[in-house]
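Note that the structure is a prediction, hence the values are computed from the model and not measured.
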Amino acid sequence: MKRRTVLGAALAGAVVTPALGAATARAAGPGPSVSQTGTTLLDSQAIYFVSYDGLVNNNAFQKNGLLTYKGHQYAVWYTADRNAVVGRRAVGSGTWSTVKVGHTLRYNDSHNVISMGVSKVDGRLHLNMDSHSDGFTYVKSVAGLMDNPAGLSWTTSRFGAPQSTLDGLALTSQFTYPQFLSTPDGKLQLSYRAGISGNGRNALAEYDGTSWTNLGEWSSSTGTYTSEHGSSTARNMYLHGIDYDRNGRLHSFFTWREQNGAVMCNGGGITNHDTGYVYSDDRGRTWRTNAGTVVGTTGGSDKVAVTDSGLVVDPLNPDHSLMNQESQFTDSAGRPHAIISYVPGRFGQCTTNYVADRTANGRAFHVRRNASGTWQKTEIPVALGSSQRTKLALDKYDNAYAILPFGRIWGASAASGYADWKSLFDPSGLNAFGEVVIDETRIGQDNVLSVMYQVKSSGTTPSALRVIDFALPA
């Protein structure tokens, strides 16, 4: 462990030069571009409060806060009076129809987001919301609602009563970070964390159209991690995402957060370290390293642990304020890509104030596996100017788009080996708060990047929540 951590410090300011030969083997398509096609208003008075440097309606780790399915787009948020609502519009329409689903936000905690998922096997919309290391609220629609949006009215009666379980299945009393993912065979899975920050485990549940099953935990919180400063014996794995590619492989990038601050050079930093990667070819039952070695079984005794070899694809010690839960995407060939961000070593080898140092000197990096199977990293050449997260998307030509805090969009072409990052959209007129939510599902369906953002406000004064649409290269 110590050897790997020292290597991380050495690489903190380094950037791997792209291998152009591997990236240009395919015929070059058009480069990245965005063309704004419209902006729609979800709510003129959405709830607004800042906690953990984020907003409950626009946390970048909120998987499927926006979702597109069969010609309609869906959005979820909390209103000024704390009601959880779902909006629906026909793709391209400027008007959203909204329904309340019978739940009100309990706490002013930005972790307590709403996440959506679709079970294709029965056409239901599922919501999981309002949780941070405690109980959750779950709501699902009637069967077929997502399959026949034109024929079924958009009313509260289409949704069942809020539940504190998954149709009777109790998962954990310490639940956080719901992320729904549709499986290639039409089922729906729910990824979540059991436990608390610094001592938690990732787990999966699965819905088959009839009932939910708890598949169990797949990451471990135990084992000893040692840096040059000290050791820690508890942690949790923070996912940058969990996504199926078009071939049915399940991918997940992650970083570790240690419970013991002794691993840091200074108590003002954050204990996140290393970027890791695992995949599964059996719907999340077993997990493998990039080399194909099995390192964990969901629900079994052997779980993915910090002491497992072969997990780390970009080493970094805990002294650089590495962000957790950033973003990932897979390209047309099923290769995994991620955005990570931290304070590079050229600005010093010890961050002492997590928010201030990331805001002053933080940079985002594009990490991906290339055609030859090796990992590469490219710095996106713009200061973050924020402590917050960046989202990643790829278009049908595999061009990369980084949606940075405040809604800035930068892009790089696959043809260049992602070496030509440039600014594509200046959001200065939006007055966006910081982190944004994107519709990951719409990009592949109609070649549009939808971004949900909330207007910056002060205190707890509600503000406008909007969706801005961009056409991507045809």
Undergrad: Hey, does the side chain of N431 reach the backbone of V455 with a donor-acceptor pair shorter than 3.5 angstrom?
TA: no

Undergrad: Before accepting this row, confirm whether a basic side-chain N of the pair E440/K391 lies closer than 4.0 Å to the acidic partner's carboxylate O.
TA: yes

Undergrad: Would you say R389's side chain and N324's backbone share a donor-acceptor pair under 3.5 angstrom?
TA: yes

Undergrad: Taking atom types as modelled, find out whether R288 and Y279 have a side-chain donor-acceptor pair closer than 3.5 angstrom.
TA: no

Undergrad: Is there a donor-acceptor pair closer than 3.5 Å between any side-chain N or O of S232 and the backbone N or O of A234?
TA: yes

Undergrad: Considering only NZ, NE, NH1 and NH2 on the basic side and carboxylate oxygens on the acidic side, decide whether D43 and R466 come within less than 4.0 Å.
TA: no

Undergrad: Please check if the side chain of S450 supplies one atom and the backbone of D439 the other of a donor-acceptor pair under 3.5 Å.
TA: no

Undergrad: Assess whether side-chain contact (heavy atoms from CB on, under 4.5 Å) is satisfied between N128 and F180, documenting all intermediate values.
TA: CA-CA 9 Å; N128 192 296; F180 286 110; 3.8 Å; yes

Undergrad: Hydrogens and angles aside, do S221 and N199 bring a side-chain donor and acceptor to less than 3.5 Å of each other?
TA: yes

Undergrad: So which heavy atom on F49 is nearest to which on N108, and how close?
TA: CE1-C, 3.1 Å

Undergrad: Please tell me if the side chains of T352 and D357 come closer than 4.5 Å, counting only heavy atoms from C-beta onward.
TA: yes

Undergrad: Report yes or no: does S341 contribute a side-chain atom to a donor-acceptor pair with the main-chain N or O of A364 at less than 3.5 Å?
TA: no

Undergrad: Would you say the side chain of Y52 lies within less than 4.5 Å of the side chain of H111, judging by non-hydrogen atoms?
TA: yes

Undergrad: May I ask you to decide if I47's main-chain N or O and Q454's side chain share a donor-acceptor pair within less than 3.5 Å?
TA: yes

Undergrad: With distance as the sole test, does Y48 use its side chain to make a donor-acceptor pair with the main-chain N or O of S457 at under 3.5 Å?
TA: yes

Undergrad: Give me the atom names and distance for the closest heavy-atom approach of S131 to P178.
TA: OG-CD, 4.1 Å

Undergrad: Could you check whether the rings of Y277 and F253 sit parallel, tilted or perpendicular, using 30° and 60° as the cut-offs?
TA: tilted

Undergrad: Are Y418 and H337 an aromatic pair, judged by ring center distance below 6.0 Å?
TA: yes

Undergrad: So how far is it from T183 OG1 to R283 CZ, rounded to the nearest 0.5 Å?
TA: 6.0 Å

Undergrad: Parallel, tilted or perpendicular: which describes the rings of Y177 and H132, with under 30° parallel and over 60° perpendicular?
TA: tilted

Undergrad: Please determine, by modelled atom types, if Q376 and N370 share a side-chain donor-acceptor pair under 3.5 angstrom.
TA: yes

Undergrad: Could you tell me whether the side chain of R408 and the main chain of L384 form a donor-acceptor pair under 3.5 Å?
TA: yes

Undergrad: Please determine whether a side-chain nitrogen of the Lys or Arg among D185 and K120 lies less than 4.0 Å from a carboxylate oxygen of the Asp or Glu.
TA: no

Undergrad: Any side-chain donor-acceptor pair under 3.5 Å between N290 and R369?
TA: yes

Undergrad: Show your working on ring-ring contact (aromatic ring centres under 6.0 Å, His included) between H273 and Y225 and close with a plain yes or no.
TA: CA-CA 10 Å; H273 63 91; Y225 167 81; 3.7 Å; yes

Undergrad: Is it the case that H126 and Y207 place a side-chain donor and acceptor less than 3.5 Å from each other?
TA: no

Undergrad: Give a yes-or-no answer on whether the side chains of D245 and H251 include a donor-acceptor pair shorter than 3.5 Å.
TA: yes

Undergrad: Determine whether F433 and Q388 make a side-chain contact, defined as any pair of heavy atoms from C-beta on separated by less than 4.5 Å.
TA: yes

Undergrad: Considering only heavy atoms from C-beta outward, does the side chain of N272 approach that of M323 to under 4.5 Å?
TA: no

Undergrad: Does a salt bridge link E258 with R235, judged by any charged N lying under 4.0 Å from a carboxylate O?
TA: yes

Undergrad: Are T233 and N260 side-chain neighbours, meaning at least one heavy-atom pair lies under 4.5 Å?
TA: no

Undergrad: Heavy atoms only: give me the nearest G216-T298 pair and the separation to one decimal.
TA: O-CG2, 3.3 Å

Undergrad: What I'd like to find out is whether the side chain of Y401 reaches to under 4.5 Å of the side chain of L394, using heavy atoms alone.
TA: no

Undergrad: Pairing donors with acceptors under 3.5 angstrom, does anything connect the side chains of T297 and W218?
TA: no

Undergrad: Determine whether the side chains of E217 and N202 contain a donor N or O and an acceptor N or O closer than 3.5 Å.
TA: no

Undergrad: Could you walk me through whether F406 and Y453 pass the ring-ring contact (aromatic ring centres under 6.0 Å, His included) check?
TA: CA-CA 8 Å; F406 316 114; Y453 71 94; over 10 Å; no

Undergrad: Would D331 and R335 pass as an ion pair if we require N to O under 4.0 Å?
TA: yes

Undergrad: Is there a donor-acceptor contact under 3.5 Å linking the side chains of D395 and N399?
TA: yes

Undergrad: For I443 and F329, run side-chain contact (heavy atoms from CB on, under 4.5 Å): C-alpha distance rounded to whole Å, both residues' side-chain angles, the deciding distance at 0.1 Å, then the answer.
TA: CA-CA 11 Å; I443 296 167; F329 218 89; 4.2 Å; yes

Undergrad: Verify, without hydrogens or angle tests, whether T441 (side chain) and T68 (backbone) share a donor-acceptor contact under 3.5 angstrom.
TA: yes

Undergrad: When you look at L127 and V101, which way does the side-chain contact (heavy atoms from CB on, under 4.5 Å) test go after all the steps?
TA: CA-CA 9 Å; L127 311 178; V101 295; 3.9 Å; yes

Undergrad: Show the numbers, then the answer: is there a side-chain contact (heavy atoms from CB on, under 4.5 Å) between W256 and T271?
TA: CA-CA 8 Å; W256 297 104; T271 60; over 6 Å; no

Undergrad: Any salt bridge linking D208 with K187? Criterion: basic side-chain nitrogen under 4.0 Å from a carboxylate oxygen.
TA: no

Undergrad: Quiz question: by atom type and distance under 3.5 Å, do the side chains of R106 and T137 form a donor-acceptor pair?
TA: no

Undergrad: Can Q189 and E206 be said to form a side-chain hydrogen bond (donor to acceptor under 3.5 Å, both in side chains), step by step?
TA: CA-CA 4 Å; Q189 293 179 325; E206 187 172 84; 2.8 Å; yes

Undergrad: Minimum heavy-atom separation for R346 and R363, please, with both atom names.
TA: NH2-NE, 3.7 Å

Undergrad: Just do the side-chain hydrogen bond (donor to acceptor under 3.5 Å, both in side chains) check on Q349 and H320 with the steps written out, would you?
TA: CA-CA 7 Å; Q349 298 295 335; H320 295 274; 3.2 Å; yes

Undergrad: Please report the closest heavy-atom contact between I380 and A402, naming both atoms and the distance.
TA: CD1-CB, 3.7 Å

Undergrad: Whether the side chain of S220 engages the backbone of K303 through a donor-acceptor N/O pair (distance < 3.5 Å, no angle test) should be reported.
TA: no

Undergrad: Looking at every non-hydrogen atom in both residues, tell me the closest pair between S133 and G195 and how far apart they are.
TA: OG-O, 3.6 Å

